[in-house]
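Shown next, in structure tokens, is the structure this report addresses.
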Protein chains: 2
Amino acid sequence: MSEKPTIKDVAKAAGVSEATVSRALSHSPRVKRATREKVQTVADQLDYRPNSLARGIRVKQTHTLGMIIPDILNDYFTQLTREIEDAAGRSGYDVLIMNTDESLAKEAHALNLMLEKQVDGVIIASAGGQTDYAKILGPTPAIFVDRMPPANIKTPYDRVIVDNVKATCHIVSQLLAQGATRVGIINSAVSFTATERLAGYQQALHDGGIALDSAIEVAARTDNSNVQQMTRQLLINQKCDGLFVGDNTIMEEVLRKLTELDLPNLQLGGFDDQLWFDFLPRPIVTARQPIKQLGQTVVDRLLAHLADPQLAPQEFRLDAQIITRQ
Amino acid sequence: MSEKPTIKDVAKAAGVSEATVSRALSHSPRVKRATREKVQTVADQLDYRPNSLARGIRVKQTHTLGMIIPDILNDYFTQLTREIEDAAGRSGYDVLIMNTDESLAKEAHALNLMLEKQVDGVIIASAGGQTDYAKILGPTPAIFVDRMPPANIKTPYDRVIVDNVKATCHIVSQLLAQGATRVGIINSAVSFTATERLAGYQQALHDGGIALDSAIEVAARTDNSNVQQMTRQLLINQKCDGLFVGDNTIMEEVLRKLTELDLPNLQLGGFDDQLWFDFLPRPIVTARQPIKQLGQTVVDRLLAHLADPQLAPQEFRLDAQIITRQ
DNA sequence: TAAAATTTGTAAACCGTTTTAAAAAAATGT
DNA sequence: ACATTTTTTTAAAACGGTTTACAAATTTTA
């Protein structure tokens, strides 16, 4: 009871050698049926569970993938995580999840931990920064999803991502179609996706024949109070009648501010869809990402790289679905 | 490049023995400063990272805790996970997270995986069912949080949980105080917390001098359409002017149904607080759990059990905070 | 029935690290 | 300078599995 049984204990109890137990439990064909059954029952009875550390060190693979997400409180990433877990599970792989809270230090820690635990491959939604992933990862395969590494750093990895430019362009165009004449944007300053979404915003204004107004275009997020202040700035001072919000977490602060301001005619749009947007008193135009497909693609490609390390890196762009409410 | 460096490579490159490298990198005092520095630079230069599987098998601990949650899409559990990760990190422990999607099969798989990976202890929010945790876990310490194992199964483990009875009683009493005269309940049928919340509901009615009406009291959840149907049943057919909702996920379905029904005078309350409840057109009375404190307690106790396996199991009841809006 | 082919079991090597015990080197005391 | 103590380093033995090479047992073939 106080010590975990090892393969040795099972072998002794079953009256066979350790190697036989190993073969029996891994369903090797080179063992008599009667023997296998005997070993199996003894193992069950002892509650024997092979030590995967010992196995991993010998066979040099763990059938485990690492997944690094920047914000476990963000619904988008939890949904993505779930889909990736599912897809990996279907292929017999388990997933180690670590959250970095958008911190580079935590990301480095998570990456190190996973490599030390000898994951077979890692899935990264980057926290940004100038990390040299190739140097850290060494020969371990990896793939990026949603949050890419900075563009100035060369990476030999696959990238799976939604077409942010196109989707944002659609959303903003929709706001205009719904009657907005002056659309502002609140965007997160740093991330890879933010840059693309800004481009989509600009594209939509251009397509709509609307001159860019630098006063309403640039908006960097630093903290929550900042967002509320910017909301006021854009909607009251700048008199915007349309607003595009760059992501989930910013949207929450915007909505909070909107409960104070009385602006029934504002046309609101944002990236990432949430279930509860349906319950709000005001319709929001959103981009719903094909999360299941993203997850499946990520896992398929990573496993393909495990099977063939020579596989050339590639970028996958999927289309988001635009949700208009009323 | 194509092979990961081992301690042997470092030893050879530094011109010392493997044992010395091991000591140097683990900051053992039994190594000369000059030697340590030399080893360190060689290790850095080779991008050497110790194989934690190999270490784990030798030292018989991994400094890793496993955490099993029943629903990664449920905000409550992601918040709890984050707090537990933080608390564990402060004590030098890492956390392996696995999601069971409320499935007993996945829970069993997750538990097995963690034990095979030799986690030092496991934190469980149970998916219910009649699992004999003590048998599965063997000598590995564990602790339960929020979702307890079924009451008829004896477990030698700590339990950390909010006082569901008291909190629910408060919420329902508040609904009554706000003018409700006939309060219904929609509860999840199976879980441990559901039973307690039902008791709290009954208590509040009793305290308010209101007779129990079996027609509105019992409500089991099976699937989503079921919830919407029950909402209609209680609010229209049974003419309830107050409603208590047993958890997060049920609340979403109730709110969806409420967008169809025109019931401005309904007094609504539910367990678990969400940020976005603030943005809804209707105020909701909720119980906000002391998640940070729950997480810290869980980790503290689990680590205490690691240090002293003899420590007697204990139950910790924390109070939830009742949030009334307007 | 002997020889060959096949199946099954055994012992030993191996994976990468830590640790124990012993040896080597350096420091101290006389 | 030599004996003794102290500090560093090393070689070898774990840790718990898997796998390989090989021997033994069994079955098939001649």
Side-chain angles (χ1 to χ4, degrees), chain A residues 3-40 42-43 46-64 112-113 115-120 138-140, chain B residues 3-40 42-43 46-64 112-113 115-120 138-140:
Chain A
E3 280 300 324
K4 295 187 193 174
T6 72
I7 201 172
K8 202 170 286 181
D9 301 319
V10 179
K12 194 169 294 173
V16 296
S17 76
E18 304 168 31
T20 306
V21 175
S22 172
R23 281 210 277 264
L25 295 182
S26 59
H27 299 102
S28 156
R30 309 189 67 74
V31 57
K32 196 158 57 178
R33 240 189 53 152
T35 314
R36 175 190 352 278
E37 281 164 4
K38 180 171 170 190
V39 169
Q40 188 61 257
V42 169
L46 289 181
D47 274 313
Y48 168 71
R49 218 179 315 270
N51 181 328
S52 77
L53 306 186
R55 169 192 290 130
I57 189 184
R58 175 70 226 244
V59 305
K60 288 174 180 293
Q61 42 166 325
T62 53
H63 272 275
T64 304
N112 261 302
L113 188 79
L115 293 175
E116 285 176 5
K117 284 194 183 298
Q118 313 296 118
V119 294
D120 295 340
T140 305
Chain B
E3 279 302 323
K4 295 185 191 174
T6 73
I7 201 172
K8 201 170 286 180
D9 300 319
V10 178
K12 194 168 294 172
V16 298
S17 77
E18 305 166 32
T20 305
V21 174
S22 172
R23 286 218 194 78
L25 296 181
S26 60
H27 299 102
S28 155
R30 310 191 68 73
V31 58
K32 199 156 55 177
R33 238 188 54 151
T35 314
R36 172 183 4 271
E37 282 163 4
K38 180 171 169 189
V39 168
Q40 187 62 256
V42 168
L46 290 180
D47 273 314
Y48 168 71
R49 214 182 316 270
N51 181 327
S52 78
L53 305 186
R55 168 191 287 130
I57 190 185
R58 177 68 233 238
V59 306
K60 285 172 181 297
Q61 42 166 325
T62 53
H63 272 275
T64 304
N112 261 302
L113 189 81
L115 293 175
E116 286 177 6
K117 285 195 181 301
Q118 313 296 119
V119 295
D120 294 341
T140 304

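A, B, ... follow the sequence lines: proteins, then strands. Residue 1 opens every chain.
- Between A:Tyr48 and D:dG16 there is no side-chain polar atom (N or O) within less than 4.0 angstrom of OP1 or OP2.
- Taking the side chain as every heavy atom from C-beta outward, B:Leu53 and A:Thr62 approach each other to under 4.5 Å.
- Taking atom CZ of B:Arg36 as the reference point, atom C1' of D:dT7 lies 14 Å away to the nearest angstrom.
- For the pair A:Asn51 CG and D:dA14 P, the computed distance is 18 Å after rounding to whole Å.
- Side chain of B:Asp120 to main chain of B:Gln61: no donor-acceptor pair is present (N/O by atom type, distance under 3.5 Å, no hydrogens or angles).
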Next item on the list: Would you sort out whether A:Val42 and A:Tyr48 count as a side chain to side chain contact (heavy atoms under 4.5 Å, CB included), showing the intermediate values?
Entry: CA-CA 9 Å; A:Val42 169; A:Tyr48 168 71; over 6 Å; no
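- For the pair A:Val10 and A:Val16, the minimum side-chain heavy-atom distance is 4.5 Å or more.
- Residue A:Ser22 is classed as a base contact, given a heavy-atom separation below 4.0 Å to a base.
- B:Ser26 places a side-chain N or O within 3.5 Å of a backbone atom of B:Ser22 that can act as its donor or acceptor partner.
- Between B:Arg55 and B:Pro50, some side-chain heavy-atom pair lies under the 4.5 Å cut-off.
- For B:Lys4 and C:dG16, the NZ to C1' distance is 12 Å, given to the nearest whole Å.
- Between B:Glu18 atom CD and B:Arg23 atom CZ the span is 12.0 Å, to the nearest 0.5 Å.
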Next item on the list: Output, in order, the C-alpha distance, side-chain angles, deciding distance and verdict of side chain to side chain contact (heavy atoms under 4.5 Å, CB included) for A:Thr140 and B:Lys4.
Entry: CA-CA 9 Å; A:Thr140 305; B:Lys4 295 185 191 174; 3.6 Å; yes
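- Shown here are the side chain to side chain donor-acceptor pair (under 3.5 Å) partners of B:Thr64, two or more places apart in sequence or in another chain: A:Lys117.
- In this structure, the CD atom of A:Glu116 is 17 Å from the C1' atom of C:dC15, given to the nearest Å.
- For DNA chain D, no neighbouring residue in residues 7-15 of chain B is found when judged by any heavy atom under 4.0 Å.
- Note that the OG atom of A:Ser52 and the CD1 atom of B:Ile57 stand 10.0 Å from one another [nearest 0.5 Å].
- Counting heavy atoms from C-beta outward, A:Thr6 and A:Asn51 have side chains that stay 4.5 Å or more apart.
- Across A:Ala11 and A:Val21, no two heavy atoms sit closer than the pair CA-CG2, 3.6 Å.
- For the pair A:Lys117 NZ and C:dC15 P, the interatomic distance rounds to 22 Å; values are reported in whole Å.
- Rounding to the nearest 0.5 Å gives a distance of 10.5 Å between OG1 of A:Thr20 and CG of A:Leu25.
- Within the 4.0 angstrom heavy-atom criterion, only backbone atoms of the sugar-phosphate kind lie near B:Thr6; the bases stay farther away.
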Check: Along nucleotides 21-28 of chain D, 5' to 3', which nucleotides get a B, which get an S, and which get a -, given that the test is a protein heavy-atom distance under 4.0 Å?
Finding: --------
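- For the pair A:Glu3 CD and D:dC15 C1', the computed distance is 12 Å after rounding to whole Å.
- Every side chain to side chain contact (heavy atoms under 4.5 Å, CB included) that A:Glu37 has, sequence neighbours left out, goes to A:Arg33.
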Write down the protein N/O and nucleotide N/O pairs, taken from nucleotides 5-8 of chain C, whose separation is under 3.5 Å; answer none if there are no such pairs.
none

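- Contact check of residues 52-64 of chain B against DNA chain D (heavy atom, cut-off under 4.0 Å) returns B:Ile57, B:Arg58, B:Lys60.
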